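The next block holds one structure in the form of structure tokens; read it before the comments.
Note on naming: letters A, B, ... go to the chains in the order of the sequence lines (proteins, then strands), and numbering restarts at 1 for each one. Source: prediction; values computed, not measured.
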Amino acid sequence: MAGGGSLKEGGSPVFDITPHKIAVCHLVQVFALHTQPDMPFVFQSVSHHHRLGLFLFSLTRSCEGFLEPSLEELLNQLKALGGLAMLSEHLISNLLVLSSPDDLFNFFDKLRGVLAAPEGSSMEEEQALLDPNSHLGIFIRCCILTFNMLPFEGVCHLLTNLVAYCNSNDSTYEMAEDDDFNGSEFHELLEDPEVDCESAELEEYGLQNDTQAAENLTHIPSKFLSSFLEDNQASDSPRIKHGDDGSQSGGLVPLLNNNFRTDDNLGVLRSRWQIEGYLNMQADLLEKDAISFPLYSFSATLRQLQKLAPELHRVRYLQYLNALYHNDYLSALDELHCYFDYSAGMEGLFSRSPSPSSEFEVGRYETALLCLGTLQCHFGHPKKALEALTEAVRISQQNSDDSCLAYTLAAICKLLSEIGISNMTGIIGSPYSLGTTTGLGTPLSTQQQLLVLLKRSLERADHLKHTNLLAFNHLALAKFDLKHVKKPLLSFGPKASMKLRTCPTSVCRELRLSSHVLSEFGTDGLLQLNDTGSFSTSWLKNLSAVGNPWLKKLQKPRSLSVNDYDTFQFYAQPSPIPGSVLQLAGASYLLRATSWEHYGSAPLVRMNALVYATCFADAASSSELSLAYVKLIQHLSVFKGYTEAFNALKLAEEKFSVSSTHIRLLKLQLLHARSLHRGNIQEAQQVCDQFGVLASSVTGVDMELKTEASLRHARTLLAANQFSQAAAVASNLFCTCYKFNMQVENATVLLLLAEIHKKSGDAVLGLSYVLASLSFCKTFNLDLLEASATVTLAELWLSLGSSHAKKASSLIYQALPVILGHGGLELRARANIAVAKCLLADPSYLVSEDPDAVLDPLSQASEELQILEYHEMAAEAFYLMAIIFNSLGRQMDRGLIISSDTELFSTVSTHGNFHLACHTMSFQLVYTSV
Amino acid sequence: MSSKESYRVELRSAARQLSDRCLYSAAKWAAELLVDIEPDAHAPASSVSASASSSAASALATPSTSSAARPLSHLHPDASAYRRRLRSAAASGDIAATPPAGVSYISTPVPDDDGLNSDGGNDRYLLAKSYFDCHEYRRAAHVLRGQTGKKAGFLRCYALYLAGEKRKEEEMIELEGSLGKSDVVNSELISLERELSSLRRIGSIDSFGLYLYGLVLKDKGCESLAVTVFVESVNSFPWNWSAWLELQSLCTNTDTLNKLNLKNHWMKDFFLASAYQELKMHEEALKRHECLLGVFRSSDYIQSQIATALYSLRQLDEAEVIFEDLLRNDPYRVESMDIYSNLLYAKECFSALSFLAHRVFLTDKYRPESCCIIANYYSLKGQHEKSVLYFRRALKLNRKYLSAWTLMGHEYVEMKNTPAAIEAYRRAIEINPRDYRAWYGLGQTYEVMNMPFYALYYFRKSSYLQPNDSRLWIAMAQCYESAPLQMLEEAIKCYTRAANSIDSEGIALHRLAKLHSVLGHSEQAAFFYKKDLERMEAEGRQGPNMVEAMLYLARYYKSEKKFEEAEFYCTRLLDYTGPVFTSQASESHLVTSCPLPVKGVAKASEISLLAYVKLRAMGSAQEE
């Protein structure tokens with residue numbers, strides 16, 4: 001348990017007795033023996049006593065840093081508890097008394113009296129002694145044991161450290177830095193090339209003044225004392241003031257400072273258990289929001305830790321993660337290999353129990369390969385990633401490491417689903433290949449292989465009771481079901497009749513199954529890992545925040561997504577569910593949003609995205625969270641127009657840093673759509689080009705981005721009336737999508753092709769495309785897209801002549817429920833205009849009889865289009881309305897229309913659509929002549 | 001001549017000054033060099049000592065023993081062939097005794113010892129020095145407290161530094177096993193740094209003080225400042241070899257080396273030569289050392305450096321001659337004998353290696369080099385456990401012993417203890433990240449574990465550090481070629497690189513030919529087979545590869561309808577003096593069962609015979 005965790009691990013030296021522990025022991029003694037007559041210290045109230053107990057508990061469990069707090073900090077925290085001022089003096093005086101080895105012996109001898117006698121012996125007095133099996137009891141026992149095992153040299157070391165520890169208290173808090181002492185340190189820092197970046201980084205934080213930056217730099221080493229994150233946040237004004245004050249009053253305390261320094265160098269580490277907690281916490285934070293971790297200073301922290309505890313190889317893993325999330329390929333690769341060179345065979349990433357098994361193990365190298373694979377995947381080298389992962393499969397089979405195999409399979413699935421690989425042969429074609437073991441003679445397509453793998457991975461995860469993995473696999477299956485039609489694997493023999501459609505219910509089922517993690521994580525053994533002392537950490541942090549009011553002010557929401565707990569609430573604890581479980585559960589909501597996006601239900605998209613953004617923000621990584629925001633903003637742009645969307649985007653940009661790719665993409669998307677609607681072709685083309693640049697140049701990587709870029713390119717060309725070019729781009733895109741099996745995208749591309757032909761006036765050709773698109777939509781249950789395609793179909797029929805008006809209107813009425821329920825502004829407007837056109841084209845309909853049947857949809861469409869700033873289409877609506885008014889003879893209304901129309905006319909005529917412009921012009925001429 | 005004479009004067013005074021300040025190893029180095037200067041045939045020994053005594057400031061103590069007695073001793077007739085060769089080259093060629101034209105060394109004045117303020121001070125210094133000599137460092141420092149002279153100040157600081165170092169070593173063992181890493185620091189560093197930096201600021205620091213300051217800075221990790229300080233130190237007193245060595249250890253690449261602002265003293269040549277050696281620029285190192293040999297004709301140090309460079313250039317026989325010579329000259333030498341043992345290991349000279357091991361064992365068994373030699377011997381004998389034991393001992397004595405870590409890794413690989421091997425290699429890399437052998441070892445280990453893709457990273461690293469080594473490229477190619485990967489195109493690229501650098505074993509050409517034939521590039525395959533055949537002919541080798549090449553070529557030309565060539569190869573095949581074969585079927589059968597083992601045995605017996613002869617020769621030399 002807890003404090004003594006390391007003792008179990010073969011007497012690893014990380015749990016050693018340190019001055020800080022002596023101080024804590026002393027406090028525990030006071031806490032336990034306060035009723036005894038010979039204790040000089042008396043608590044003012046019971047609540048004080050309890051608070052001290054809670055404080056001690058947190059102190060031995062918290063993991064906000066890897067170094068033990070100095071006496072200074074300890075005293076400050078004690079002070080923050082309130083009402084225990086006497087206790088600090090008591091503590092100091094008692095620590096100062098310990099001046100010879102014998103004093104220490106006596107101290108620990110007395111400490112033994114704190115522990116209650118084991119059961120069975122008589123309890124003479126009514127004493128509140130510590131239960132030896134309680135957390136604090138175990139801590140005390142560990143300390144006593146470690147002390148008793150110390151050789152004389154160890155006792156001497158302890159004594160020296162103790163003196164240094166007490167002296168550190170005497171030096172002023174504002175760590176005055178002696179000039180030349182710091183000079184060397186500073187030099188050393190300057191030597192490293194990284195420091196330049198560091199100062200640049202600091203400047204980014206708003207430190208324009210060079211000297212200030214330098215001042216700040218000198219503080220970095222001393223900053224290791226406490227949590228890195230916090231200090232970085234607090235590094236603005238107060239810190240610098242401290243430094244200035246110190247240098248003014250410097251010269252007084254250099255010696256003490258030196259003592260402090262040597263002490264620092266000796267490195268008073270927390271217990272191994274606490275350090276591992278710290279590392280896990282940092283890893284989580286890194287994954288969540290890498291941007292808040294400046295690359296170099298964090299790696300400097302880690303290096304310091306590595307120097308102090310070289311046997312903690314986990315630090316290297318953190319280095320790897322740090323490099324990975326900062327996109328430093330080379331050093332990530334180096335650190336990865338380094339970590340596994342040292343730790344493979346010793347430390348497994350997936351070992352359930354926190355303590356590694358003691359027996360000598362040759363293994364875990366497969367984990368190295370798995371990590372290498374994911375690294376290559378992260379950096380967009382799919383081929384290398386696949387090589388690494390296949391090797392991982394081979395080695396885990398060789399070492400019969402089932403869990404690693406399951407994870408590797410899942411990783412391969414992820415890779416295959418994310419990265420477009422048109423042809424699998426030659427990649428997994430080796431004798432150890434995955435596909436051939438299915439026993440089917442025919443080569444499988446990538447998708448079929450993926451499905452087989454997914455199923456197998458799912459089975460394996462289920463078999464091994466890896467709940468997380470199971471959830472992940474269900475999610476992956478859902479994703480697969482969403483986008484792919486399941487074809488029979490057998491290419492011969494009797495075929496069961498199969499509907500070649502995707503099945504929304506199966507997607508839904510998988511999604512529901514994946515959410516099971518929430519209910520089942522308790523049985524997974526994850527629970528014990530969960531207890532990493534983060535509760536104690538947050539409690540202590542709150543305590544210090546209360547102690548220093550200025551710090552409280554600085555503690556703005558550090559990480560954008562952390563729920564803000566009230567500062568001084570003992571009950572404010574972080575969620576009891578492990579972050580990974582929450583993440584998976586959240587991911588299922590995000591996927592739900594995406595699937596509804598496909599199936600075409602806007603309200604459900606919005607709802608799921610909202611659920612994600614509000615409930616899972618704690619565990620979500622910044623990129624996933626930004627994705628949810630993106631969905632919400634997209635929804636806004638479609639339903640409320642661009643002004644609102646851009647306002648929301650501004651908020652999102654503030655919340656996430658600018659470098660978030662999702663947000664950047666969203667901005668481009670919005671800009672592009674708006675400039676297309678406004679008819680600003682040049683701007684649209686520029687945005688389009690920016691889009692293309694964002695995608696990686698490697699084939700098969702960033703497929704979605706590439707598809708979208710060329711889709712937008714085609715749209716831009718279409719808006720510029722360059723039909724043949726637009727058609728060429730679109731058909732090219734169709735070929736790529738077909739090659740990489742992206743059928744959902746195919747539906748969109750086909751629809752676009754139909755639109756192009758419609759606009760170019762080739763309605764017959766357009767018909768075939770739109771019908772193809774419709775069949776795709778049906779297959780993949782893309783309802784909204786289907787509705788949109790139906791409208792296009794109707795328009796195409798209409799353009800073939802008034803004889804088809806009936807057919808067209810029936811088509812539109814068929815699609816209207818979906819469109820009115822879920823469609824965005826543009827689609828609705830289009831449908832409305834089409835309805836009006838159908839009526840107008842219908843010979844049996846007379847305008848004079850029922851003008852509202854035409855005017856209502858038209859006016860609604862024009863309103864909606866104006867919100868969207870879609871000038872071209874709005875002009876069309878107005879034009880139609882004006883004609884109707886003209887025929888009705890309502891001059892006044894017509895005049896109104898014309899006046900608003902002239903505005904639009906100017907934009908329309910500047911940007912292209914001459915056809916419409918001419919119409920409007922002639923119409924105006926007619927009007928003015930009348 | 002005058003320059004030699006001035007060298008002698010400088011070195012003599014320097015050795016005295018260094019030993020006065022208890023910088024023993026530097027003093028040793030200077031004294032060795034002093035003895036090794038080629039005597040001027042014309043200058044009588046007496047005048048040498050006379051001039052020395054006149055120029056040196058306080059030449060009170062026994063000056064003549066070293067310079068007068070030895071010059072005759074190394075004129076004795078058993079000087080080696082190599083040495084003679086060099087000497088004749090020096091006499092005839094441009095490696096003259098005087099420095100080459102165009103290089104003008106600036107003469108650095110030999111600094112005077114500062115006068116001690118009083119007799120009492122001098123006495124105290126004497127006492128302190130004797131304490132120091134008895135390894136009672138703190139006492140020595142204590143005696144010298146309050147002394148103001150530079151010399152006394154230096155000794156006090158140096159004593160404190162050593163006391164701190166001693167304590168550091170002790171603490172390291174107290175806190176952890178000596179093989180463990182630890183971050184114990186010398187507790188005196190901070191106060192020393194403070195004192196020395198303030199002294200440097202006011203300018204009252206001499207070169208020795210600067211040397212010490214540099215040491216402190218280096219230990220603290222302020223490396224760039226340490227470099228400047230060391231440069232200052234060697235510029236004002238160039239004869240302190242320890243300072244040069246420290247400087248060298250900080251020059252981890254050629255850029256820093258070239259940026260150093262060094263005065264052009266002849267000691268700089270020693271430094272550069274040694275630094276080049278360390279940076280694996282063996283050719284340059286060799287050139288410089290041979291140049292220096294012109295003046296310091298019989299220097300063992302230079303000889304050993306030359307031998308090391310030759311060994312690194314894989315000219316084993318030449319290196320061996322020099323090493324043998326060295327050992328004959330100075331039978332109790334331990335320095336750089338580990339490299340000799342590596343050489344003997346590479347040549348598989350069992351008895352010579354055992355002889356060497358025995359000798360160093362008797363001389364000083366607690367030297368890391370000795371342990372390494374013994375470990376090498378056991379390794380050669382195939383007793384890997386014992387070998388590891390001795391490597392561990394060597395590492396206990398010197399935790400930064402780079403080659404021992406790597407070699408221990410090799411032993412662990414032999415013992416199939418891969419995690420230990422990996423750790424050993426990693427430790428070597430930690431000491432020197434540019435050690436390509438360790439990277440290569442890591443790659444091999446992973447290859448053994450059947451993880452060729454993973455191993456590629458390491459091979460890539462090592463070939464990056466040593467781009468012209470064909471072995472590394474071949475290793476990489478073999479990874480690509482291995483069954484799980486089957487990336488033949490990449491393998492071909494690597495083999496091509498290997499074939500372009502010197503590939504002594506000729507693996508690359510053969511594999512290239514084979515791979516091309518597998519991939520159906522018959523033209524390239526024929527090209528490489530032909531090349532391989534030419535190479536084998538040039539080296540006078542025979543073997544199954546030859547048969548294979550000729551067979552392929554014959555078939556190739558036949559398919560190309562070039563019957564003349566085909567016939568040529570067919571007849572050559574018939575002429576081939578191998579075991580009798582009649583039909584093509586048996587030929588191809590023969591390819592698989594090669595007669596190589598027999599040949600290997602023959603070679604081994606040859607080698608052992610050779611070693612025996614050598615041993616006898618050595619023994620007889622000793623008897624003489």
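The CZ atom of Arg394(A) sits 8.5 Å away from the CE atom of Met451(B) when rounded to the nearest 0.5 Å. Separation of atoms OG1 (Thr445(B)) and OH (Tyr365(A)) is listed at 9.0 Å; rounding is to 0.5 Å. Note that OH of Tyr339(A) is 13.5 Å distant from CZ of Arg426(B), once rounded to the nearest 0.5 Å.
Contacts between residues 409-416 of chain B and chain A, defined by a heavy-atom separation under 4.5 Å, are made by no residue at all.
Contact check on Glu430(B) versus Arg316(A) returns a salt bridge, with a Lys/Arg side-chain nitrogen under 4.0 Å from an Asp/Glu carboxylate oxygen.
The environment of Arg434(B) atom CZ is sparse: at most 12 non-hydrogen atoms of other residues, nucleotides or ligands sit within 6.0 angstrom.
When atom types are taken as modelled, the side chain of Glu387(A) and the backbone of Phe453(B) share no donor-acceptor pair closer than 3.5 angstrom.
Taking the six-membered ring where tryptophan is involved, the planes of Tyr457(B) and His337(A) are essentially parallel, since the angle between them stays under 30° and well short of 60°.
Contacts between Leu442(B) and chain A at a heavy-atom distance below 4.5 Å involve the side chain alone, from C-beta outward. Tyr446(B) touches chain A through its side chain: at least one heavy atom from C-beta onward sits under 4.5 Å away, while N, CA, C and O do not. Neither the backbone nor the side chain of Cys156(A) has a heavy atom closer than 4.5 Å to any heavy atom of chain B.
Closest non-hydrogen pair, Ala368(A) versus Tyr454(B), comes out as CB-OH, 3.4 Å.
The side-chain heavy atoms of Met449(B) and Ile395(A), taken from C-beta on, include no pair separated by under 4.5 Å.
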